[in-house]
Amino acid sequence: MSATVGFPAPEEHRAERGRMIAEKLASRLAARDTGLWGPGAARTAEHRLGWTDLHTRSAGLVEQIDSLREELAAEGVDRIVLAGMGGSSLGAEVIAASHGAELAVLDSTDPLSVRAVVESADLARTALVVGTKSGTTIETVSAASAYAQALRGLDIEPTERLIAVTDPGTTLAEQALEEGWRRVFLADPDVGGRFSVLGAFGLVPAGLAGADVAQVVAEAAAVAEALAEDREGNPAVELASALSAAHARSIRILAVAATDPALEALPAWLEQLVAESTGKDGAGVLPIACESVHAAGFADADAGTGICFLGEALGEHQPVSGVAVSCEAPLGAQFLIWETATALLGAAIGVDPFDQPDVEAAKARAREILARRTQAAAGSPETGGDADGGAAPAEAAQEPAPFLVEGEVEVYASVHLIDDLELHERTLSGLLGAILPERDDERYLAVCAYLSSVHDAEAARLRPVLADRADGAPVSFGWGPRYLHSTGQLHKGGPDTGSFLFVTAAISAEDDLAVPGAGFGFGSLISSQAAADADVLEGLGRRVLRVRLRERDEGLQQLLAAAAGTSPERVGE
Ligand SMILES: O=P(O)(O)OC[C@H]1O[C@](O)(CO)[C@@H](O)[C@@H]1O
């Protein structure tokens, strides 16, 4: 296990590290000192530090997972699906990917993603892990009910195939116990969602899917003692002090790439951990998951961006910012190192790493929009057209006219962007150019794609394509609504340096799927979530360009081509 740090002014990093060591932050954290983040955060911390030794309490859990896995396999149930969001899904996804275990993750409300699970030819061989700490997350609860309904359609009793991972006493725990679900794993309530990977949330789904979770726990246990030491060379102290010193220099973007193939899926987990924990009160570090060390935005990162290798630091490459860190360790150790580093970073930059104060705003706004749309649709049975609510008269009356329609793509612009757009060519490509960050100006662009990662996987190429066009300036990519439980906190509560490209697609009634018993469809849900988050960001004065694909496949090709500034044929080459 080792971490390396390159810093443009090494004395600044040394001073920050010295301060952390002198103040004994690492050992105080291991001793669960709730005072590390100031008096305002102490009360939350009382119920959020259980992760520091979670690995020591996971041995019994591993045995239970193994026996349930064998039990299911004996009944021919050998496919595991996980419904969960953010901290309740990303850790398990990373463990499974790293161990070559097949785990389908349903962390979307796009009807095409939900249908990929519930209409799968393998459905009869599946069990669903429903992972939610609060027990009330709308995406997770809706996915679980769609899954249960689909099993009933096959004459399979859903409770035989439903496995809950949740905190004691949640509505989900009560429901699952009352209905007699196959198994109910109660998680440690003193562990927050994004710090929960080494407990039931990470281990149950990944272990049931076949990952060697005992190994992951052992890898974490092997580094725990060293992480509690107040000394140079403690990787968590090295990383936290480097990121804190960089933050003080306004280097607040961290381009992340895995160089160890076993860590390929780790950047998405890290993005969520660091962004949601630190992105608040106008501060925070935004990790951007990059495809490789050669990717745009990593290889040519600008002056406001540090780079991070997960695995060995490759090559002689020195970023312009001079900030380069690396962390070499097996997966289980990486989890504990980064959790510790994130908690220390929070203490250093003065934020409470265990809350997410700005996430609720988008959730509340989505509930309002959804209720209004559902009411409008109920009052207008004759309403035809798209199931995403776009054609409902009540909404249509409020929706401003598109700023531009090009082929299958409609473009809408926020008030904070209109003046800028007027200065650019009125084409899709020209308007995308207007929202791109300029190299070295400390701004970033976040692409928020409310599409299906299963059906529209190619949309992820928007990140490298736009970063390339922006000459290496930072561009992040997140699937909606998944990113709402990850970088979404930082986009709203962190530094006001983001611009946003929202991508949504029209959803035909044929493609849509009802959320059982809810009175609305997944199409309405995802479009309400997209509209809500865009509204909240616009309300905060952020620059938002919204793009709606009238037809997904063709629209996406057009968008990719426009992003690159080329024709669709060239992008596909
Ligand atoms: O486990 P839950 O309660 O479903 O929450 C999922 C995710 O949503 C968030 O609370 C943010 O909305 C994350 O912090 C969390 O990991």
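Residue indices begin at 1 and follow the sequence shown. Note that ligands are numbered from 1 as they come in the structure, with each ligand's atoms numbered from 1 the same way.
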Return the closest protein heavy atom for [atom] as residue, atom name and distance.
atom: atom 14 (O) of ligand 1; answer: Glu276 OE1, 2.9 Å
atom: atom 6 (C) of ligand 1; answer: Met85 O, 3.2 Å
atom: atom 1 (O) of ligand 1; answer: Ser88 OG, 2.6 Å
atom: atom 16 (O) of ligand 1; answer: Gly87 N, 2.8 Å
atom: atom 8 (O) of ligand 1; answer: His485 ND1, 2.9 Å

Task: Tyr450-Trp479 aromatic ring centre distance below 6.0 Å - done: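 No, the ring centres sit 6.0 Å or more apart.
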
TODO: Give a yes or no on whether the ring-centroid distance for Tyr444 and His491 is below 6.0 angstrom.
DONE: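 Centroid separation for Tyr444 and His491: below 6.0 Å.
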
Report, in ascending order of atom number, the atoms of ligand 1 lying under 4.0 Å from any heavy atom of [X].
X: Lys133; result: 1 (O), 2 (P), 3 (O), 4 (O)
X: Val359; result: 11 (C), 12 (O)
X: Arg194; result: 14 (O)
X: Ser134; result: 2 (P), 3 (O), 4 (O)
X: Thr137; result: 2 (P), 3 (O), 4 (O), 5 (O)

[X] side chain to [Y] side chain, donor-acceptor N/O pair below 3.5 angstrom:
X: Arg252; Y: Thr305; value: no
X: Glu276; Y: Thr487; value: no
X: Arg194; Y: Gln356; value: yes
X: Glu139; Y: Thr137; value: no

Open item on the list: Please work out, at 4.0 Å between heavy atoms, whether the side chain, the backbone, both, or neither of Gln489 comes within that distance of ligand 1.
Closed with: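 For Gln489, there is no contact with ligand 1 at all, from either part.
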
TODO: Give the intermediate values and the outcome of side chain to side chain contact (heavy atoms under 4.5 Å, CB included) for residues Tyr483 and Phe477.
DONE: CA-CA 9 Å; Tyr483 80 85; Phe477 178 90; over 6 Å; no

Open item on the list: Assess whether a salt bridge exists between Asp33 and Arg28, defined as any Lys/Arg side-chain N lying under 4.0 Å from an Asp/Glu carboxylate O.
Closed with: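 Yes, Asp33 and Arg28 are salt-bridged.
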
TODO: Would you check whether Lys363 reaches within less than 4.0 Å of ligand 1, judged by its heavy atoms?
DONE: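 Distance cut 4.0 Å: Lys363 passes for ligand 1.
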
